[in-house]
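Reading through the structure tokens given below for one structure.
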There are 2 protein chains.
Amino acid sequence: MKKIPDMVIRRLSTYSRVLSDLMEKGIDLVSSDELGKLSGCNGTQVRKDLAYFGQFGTRGVGYRISELKSRITKILGMDGRWNVALIGIGNLGTALLSHEGFRRHKFDIIIGFDVDKSKVGKKFNGVEIKDMSELKRAISEKDIKMAIITVPVQSAQTVANILVDAGIKAILNFAPVNISISKDVFLKNVDLSLELEGLSFFLTHNEYQNNEFNGSYG
Amino acid sequence: MKKIPDMVIRRLSTYSRVLSDLMEKGIDLVSSDELGKLSGCNGTQVRKDLAYFGQFGTRGVGYRISELKSRITKILGMDGRWNVALIGIGNLGTALLSHEGFRRHKFDIIIGFDVDKSKVGKKFNGVEIKDMSELKRAISEKDIKMAIITVPVQSAQTVANILVDAGIKAILNFAPVNISISKDVFLKNVDLSLELEGLSFFLTHNEYQNNEFNGSYG
DNA sequence: GTATGTGAAGTAATTCACAGCT
DNA sequence: AGCTGTGAATTACTTCACATAC
């Protein structure tokens with residue numbers, strides 16, 4: 001089947017969010033143009049993105065919001081919930097443990113890991129923190145396929161190796177380093193400083209006016 | 001002058017980080033192929049990215065690391081430091097206030113704002129938290145051009161409006177909502193759940209094997 | 001010989017424009 | 001008439017391939 005651009009998936013997530021908002025307002029029909037505008041793109045883009053996965057609307061009418069929403073949810077694999085492990089209970093890690101948005105989006109961080117013995121055994125926001133030595137067993141016991149890395153740069157590659165060995169299939173990495181990893185494990189990087197550097201560039205060179213760049217590569 | 005793709009800027013940030021690592025190792029020359037491999041792309045990409053901004057290397061030799069690094073730093077506007085304001089002292093906001101990476105990358109969060117009176121007046125990680133009513137004056141007094149939004153979805157647009165009114169020129173928004181904003185203000189969104197949804201999609205549809213997608217958007 | 005810089009070629013993503021359905 | 005779905009056209013990005021410089 002056709003390869004799906006990452007940007008298409010990102011936009012689908014956005015459409016899904018916008019559709020939820022519309023649903024809460026009690027609206028039940030939307031046109032591709034409206035949905036596009038609310039999502040920061042245009043109607044053609046919406047239609048082309050959806051076309052990767054089938055037909056969703058009615059010509060002359062638009063999209064039934066509840067149906068489109070549930071079909072996108074399914075496409076994204078967001079029917080059902082995901083168990084997630086988080087490694088590195090520092091400032092950012094702790095914040096993510098209590099990040100309401102994850103739970104609302106059906107991601108449950110159900111276990112944390114750290115090398116710091118003073119954290120091991122404690123609970124943060126109801127999530128128990130275990131020692132790294134217990135990682136492999138815990139991951140397989142609890143059916144965890146996703147992990148979030150919030151350890152310092154120097155340990156990120158090591159932790160990634162341990163995670164892959166433990167059977168993790170998808171990693172969201174916040175350490176600003178290029179982790180190399182087996183091809184069958186999905187890796188996404190979020191580099192917060194890099195985002196600010198992007199802003200720094202555009203502030204510095206107003207001549208390359210490039211607003212509305214977003215969404216976007218994260 | 002030519003419009004610079006956002007991805008080029010993202011990669012420049014990555015090159016900069018990799019160059020720092022090489023410098024620490026005492027290496028002082030690098031080829032585009034090496035730099036590309038270490039940055040998760042290839043030599044041609046490196047050379048083309050740099051070509052937007054001039055000539056940086058010596059044919060038959062490669063790039064002098066210290067020089068390339070300092071020129072990229074300048075291009076990104078990362079010579080000198082940036083004062084940053086942070087609005088929304090919740091879990092994530094608090095974590096970002098003490099995020100070591102920002103300081104190291106020359107972003108100084110020098111002031112925080114919240115509507116919660118119990119937080120106003122306190123210091124978090126040495127950063128004083130003020131009431132929203134003081135925002136406009138503080139921003140102009142302290143020469144702050146960048147702001148980070150970590151407020152709940154419902155207040156994000158309002159806060160963005162206040163920031164723009166106060167003279168902020170670049171916003172990094174963590175609230176999962178499409179903020180609409182004057183064209184001369186740069187906006188970047190980071191949506192943590194959206195990143196996980198991308199992983200969810202690829203885990204669910206192994207047939208669209210699309211690893212090494214990263215960096216990257218968002 | 002080796003590696004940069006860059007037009008030319010190739011690939012991918014977006015937008016156009018309209019046929020087809022309601 | 002209105003809006004989707006989709007080939008065709010366009011635009012943007014990446015890779016190729018080689019002339020050029022050390």
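Predicted, not measured: the structure shown is a model, and the values here were computed from it. Residue numbering restarts at 1 for every chain, and letters A, B, ... go by the order of the sequence lines.
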Report summary line: Assign each of B:Val61 and A:Gly60 the nucleotide of DNA chain C bearing its closest heavy atom; nearer the 5' end lies the nucleotide of B:Val61
Query raised in the report: Under 4.0 Å between a side-chain N/O of A:Gln45 and OP1 or OP2 of C:dA13, yes or no?
Result: no
Requested in this report: Check whether the side chains of A:Asp184 and A:Ser182 place a donor and an acceptor atom closer than 3.5 Å, and report yes or no.
Outcome: yes
Query raised in the report: For C:dA13, does either OP1 or OP2 sit under 4.0 Å from a side-chain N or O belonging to A:Arg11?
Result: no
Report task. Tell me which nucleotide among C:dC21, C:dT6, D:dC13 gets nearest to the side chain of A:Arg59. Result -> C:dC21
Query raised in the report: When we call it a touch if two heavy atoms are under 4.0 Å apart, what does B:Thr44 touch: a base, just sugar-phosphate, or nothing?
Result: base
Query - Integer-rounded Å distance: D:dC13 P and B:Leu12 CG - result: 14 Å
Report task. Return the value, rounded to whole Å, for the distance between atom CD1 of A:Ile4 and atom C1' of C:dA13. Result -> 13 Å
Query - A:Phe102/A:His99 under ring pair (Phe, Tyr, Trp, His ring centres under 6.0 Å): CA gap, chis, key distance, verdict - result: CA-CA 6 Å; A:Phe102 286 157; A:His99 187 60; 4.6 Å; yes
Query - Candidates D:dC22, C:dG5, D:dC13 - which lies nearest the side chain of B:Thr58 - result: D:dC22
Query raised in the report: What integer distance in Å separates A:Arg47:CZ from C:dT15:P?
Result: 12 Å
Report summary line: From CZ of A:Arg10 across to C1' of C:dA13 the rounded distance in Å is 16 Å
**Report entry** d(NZ, A:Lys48; P, C:dC16) in whole Å
**Finding:** 12 Å
Query raised in the report: Can you tell me how far P of D:dC3 sits from CG of A:Leu35, to the nearest Å?
Result: 14 Å
Query raised in the report: Does B:Asn42 place a side-chain N or O at less than 4.0 Å from the phosphate oxygens OP1/OP2 of D:dT15?
Result: yes
Please report, to 0.1 Å, the donor-acceptor pairs under 3.5 Å made by any side chain of residues 166-176 of chain A, with sequence neighbours excluded.
| residue | atom | partner | partner atom | Å |
| --- | --- | --- | --- | --- |
| A:Asn173 | OD1 | A:Ala175 | N | 2.9 |
| A:Asn173 | ND2 | A:Ala175 | O | 3.0 |
| A:Asn173 | ND2 | A:Asn189 | OD1 | 2.8 |

Query raised in the report: Between B:Tyr52 and C:dG5, does any side-chain N or O lie under 4.0 Å from OP1 or OP2?
Result: no
Query raised in the report: Closer than 4.0 Å, any side-chain N/O of A:Ser32 to the OP1 or OP2 of D:dC3?
Result: no
Requested in this report: Give a yes or no on whether the ring-centroid distance for A:Phe56 and A:Tyr63 is below 6.0 angstrom.
Outcome: no
Query raised in the report: Roughly, in whole Å, what's the span from CG in A:Leu50 to P in D:dG5?
Result: 7 Å
Report summary line: Rounding to 0.5 Å, atoms CG (B:Leu29) and CD (B:Glu34) come to a distance of 9.0 Å
Query raised in the report: Which of the following nucleotides, C:dT14, D:dG5, C:dT6, is nearest to the side chain of B:Gln55?
Result: C:dT6
**Report entry** Length of the line joining A:Asp49:CG and D:dT4:C1', which is rounded to integer Å
**Finding:** 14 Å
